[in-house]
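Taking it in order: structure first as C-alpha cells, then the write-up.
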Amino acid sequence: MLPIGVGWAAFGIVILIVLAFCYAIVKYYTDVHESEVLPTIVTVVSLSVTLLALFLIPIDILSVSSKGDISSETTAIKSLYYVFYSFILAFTFIIIPFAYFYFEEFDEDITVGKRIVAGLKYTSFLVVIVVILLVVGLFVKPGTPPVDNTVRGWADSLIASTNKGQGALEFAIACLTFIGCSVWMTYTAYGMAAYPLSLLKGKRHIAEESSDLQNAMENTREQKRTISSRYLTGKKMSDKDARQYEILDRQERVLAKRNQRLGSMQTGWAKVVNACKPFTFIFGIILFLVSLLIIVSVILTLADKISNSCGVKCGWFASYPKIPNPIDLLLWHLAPYFPMDYIVLGSIIVYIFFCTLSGIIRIGVRFIWVHLFSIRPKQTPPQGLLLGSIFLMLALLVLNMEILTLAPRYATFGTQTYLPANSTELVPCSTAAPVDQCQMTQIAQMVARIQLGTAFFGNVFFFVMWVFVAVFFLGALYTCIRRKS
C-alpha cells in the first residue's frame, strides 16, 4: 500500500481537474447573451465542492488501509469532510439562492446595492431554515440502537464518538440528503437508463427531421393566415385571436431557428461529427452495461441488508456483507494498487454526474410538475444553471450517503485485515472485529451514525434505493419505446 502522501498529491491534482471540468460544463451550457460573473462562479464552485466531497472518499480509504500512525491524516480527512458538507449546506440554502435573486433583480435602473439587498431579503427565509436544522440537530440525542451483539461494540463506539456540533451538522446533511432523494430517484435513475439507451438508439436522420420541421412551419403559417383572413376588412383583431397569433408567431420563429441550426449541421466540422455517430452505438452498449453493473450492485447490497441487518429498527445498519457485489469486489481488489481504485471510482462518479445531467436535460428543471427552465448548450440562462446545479448537488450528496450501498466492504474498511482470537490467519476487517483492531473510514462512520442515531433516515435511504432501481427499469422501458429525438 502506497504512503498517504501519494494520496494527498493525487487529491491535489484532482482539485485542479474538477475545477476545470466544472468550469467547462458551466461555460458549455451558459447562454452567451445572458452570462454574468456571479452566477458562473457560484455554479462552478458549488459543483466542484460537491464532487470533491466524493473524490475524498478514496483518500479516506487509503488512509485507513495504510500501516502506521494515521491519527493526523484521519483528523485532516474528517475536517475536510465537514468543511465540504458545510459548504454544500451554505451553497444550497444561502449562496445559490442569493445569486439567483441577485440576478433576477437585474435592471439598468437598479444599482448593485439594491440588488444585494433584494437578494439578502429573499434569502433570509432559507437562512432561518438552516439555523433551525442545526439547532434541532444539537438537541437530537441518538438512542441506544437495537443491534445484535456482533456489532454492539461498533454501534456504541460510533454513537459515543459524536459531539453536539458534529451531530448538528450530520442531522442537517441528513435532512438535505432526504430532500435530494427526490432528485436521485427521478433525474438520476431516469438519466442512468436514458443516457446510454439514447446513444444506442441514435437520433433521427437529418433529412427526416428537416422534413418534419418544414411541415410544422407550414402548418403554423397556415394557422396564422387563417386568423389574418378574418380581419382583411381592417376590423380590429380580438384579444383572443391576437394572443393566438402572437403564440403562433413565436412558434414559427423557434421552428425557423431550429431549421437553421439543422442546416448548419450539414456543413464543416458538423459533418465530421455526424460521420462518427455510428460509434455512439458502441459507447451506448458499454455505458448501458455500466448502468446495469451499478444497478445489480445496488440490488445485491439491498438484498444483503434484508437478510443481514437489524432491519427497520436500526435503519438497516448491516454487519459485514455476505452477498458480494461486482463494483465492491472490483474496487476492493484494486485498492492495494492505488490510484487504480481512485480512477475506477472517479469514473463511476463522473458517469453518475453525466447521467443526472442527462436526466435534467431531458426532464427540465421542474418544481413538481411546473417546468421552470430547460438546460440547453449555449442557451441556458443563469437562473437555470443555478437551479440545475442545486439538483446536481443534491444527487451527488445522495451518492455520498449511498456509497456504502454501492461498495460496502471497500468504503467501510478498505483493505484492512486483523487476526481473530484463536486463529493464525488474517481476515478482512468487519464489524465483527474488535473496535480497537480495525479503523472504520470517516465516510462510513458518518453514514453509520446517521443510520443508527436516527433510524428514520436509514429507512428512507433504504427504500429510496428500491425506488431508484424501479425507476431505472421504467426509464429504460420508456426510452426503448419512445420515438427517436
Side-chain angles (χ1 to χ4, degrees), residues 50 53-54 57 78 81-82 84-86 88-89 92-93 129-147 151 154-186 188-189 298 301-302 304-306 308-319 321 390-391 393-408 411-412 431 440-469 471:
T50 313
L54 280 162
I57 292 172
K78 183 177 180 179
Y81 273 125
Y82 288 118
F84 287 145
Y85 292 140
S86 299
I88 290 170
L89 268 177
T92 306
F93 283 107
I129 291 177
V130 175
V131 172
I132 290 172
L133 288 177
L134 292 173
V135 170
V136 170
L138 284 172
F139 293 99
V140 171
K141 294 183 179 179
T144 303
V147 296
V151 296
W154 284 98
D156 292 342
S157 174
L158 288 167
I159 297 299
S161 66
T162 309
N163 60 53
K164 284 197 171 185
Q166 188 176 313
L169 182 57
E170 288 177 359
F171 178 80
I173 286 294
C175 291
L176 188 58
T177 307
F178 174 74
I179 298 170
C181 288
S182 59
V183 178
W184 175 261
M185 61 188 182
T186 51
T188 306
V298 167
T301 301
L302 294 175
D304 184 71
K305 285 187 175 184
I306 291 174
N308 188 32
S309 76
C310 45
V312 176
K313 58 188 178 182
C314 68
W316 301 92
F317 177 76
S319 56
I390 289 180
F391 282 29
M393 289 174 69
L394 291 174
L396 294 174
L397 186 59
V398 175
L399 180 57
N400 256 281
M401 294 294 111
E402 295 294 351
I403 194 69
L404 267 68
T405 302
L406 196 62
T412 305
T431 49
M440 192 179 280
T441 61
Q442 293 302 313
I443 186 68
Q445 288 186 45
M446 188 183 72
V447 173
R449 277 195 296 265
I450 290 172
Q451 285 180 305
L452 293 168
T454 314
F456 168 79
F457 291 118
N459 291 322
V460 168
F461 300 155
F462 176 78
F463 291 110
V464 159
M465 292 305 287
W466 281 114
V467 177
F468 170 80
V469 171
V471 172

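The first residue in the sequence is number 1, and the count goes up from there.
In this structure, L138 and L134 have side chains that are not in contact, with every pair of non-hydrogen atoms separated by 4.5 Å or more. Between I306 and F462, some side-chain heavy-atom pair lies under the 4.5 Å cut-off. Contact check for V471 versus V467: side-chain heavy atoms found under the 4.5 Å cut-off. With a 4.5 Å cut-off on side-chain heavy atoms, N400 and I57 count as touching. Contact check for V469 versus V298: side-chain heavy atoms found under the 4.5 Å cut-off.
Side-chain atoms of T50 do not come within 3.5 Å of backbone N or O of M393 as any donor-acceptor pair. Using modelled atom types, no side-chain atom of E170 and backbone atom of M446 make a donor-acceptor pair closer than 3.5 Å. At least one donor-acceptor pair under 3.5 Å links the side chain of S182 to the backbone N or O of I179. T441 places a side-chain N or O within donor-acceptor distance of the main-chain N or O of A411, the cut-off being under 3.5 Å.
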Residues T431, M440; criterion side chain to side chain contact (heavy atoms under 4.5 Å, CB included); working and verdict = CA-CA 9 Å; T431 49; M440 192 179 280; 4.3 Å; yes
What's the verdict on side chain to side chain contact (heavy atoms under 4.5 Å, CB included) for T405 and K305, showing C-alpha distance, side-chain angles and the deciding distance?
-> CA-CA 9 Å; T405 302; K305 285 187 175 184; 3.8 Å; yes
Which is it for L397 and W184 under the side chain to side chain contact (heavy atoms under 4.5 Å, CB included) test, yes or no, and what are the steps along the way?
-> CA-CA 9 Å; L397 186 59; W184 175 261; over 6 Å; no
Test side chain to side chain contact (heavy atoms under 4.5 Å, CB included) on M401 and I173 and set out the steps.
-> CA-CA 10 Å; M401 294 294 111; I173 286 294; 4.1 Å; yes
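For Q445 and K78, the side-chain atoms include no donor-acceptor pair closer than 3.5 Å.
In terms of heavy-atom proximity, V398 sits nearest to C181 at CG2-N, 3.8 Å. Nearest heavy atoms, T92 versus I88: OG1-O, 2.7 Å. Closest approach of I450 and F461 over heavy atoms only: CG2-CE1, 4.3 Å.
In this structure, CD1 in I443 is found 10.0 Å from OG1 in T412, a value given to the nearest 0.5 Å. Taken to the nearest 0.5 Å, the CG atom of L89 stands 9.5 Å off from the SG atom of C175. Note that the CD atom of Q451 and the CZ atom of F457 stand 12.0 Å from one another [nearest 0.5 Å]. The CG atom of L399 sits 13.0 Å away from atom CG of L394, with the distance rounded to the nearest 0.5 Å.
Taking the six-membered ring where the residue is Trp, Y85 and Y81 present parallel rings, their angle staying beneath 30° rather than reaching 60°.
Centroid-to-centroid, the aromatic rings of F456 and F178 come within less than 6.0 Å.
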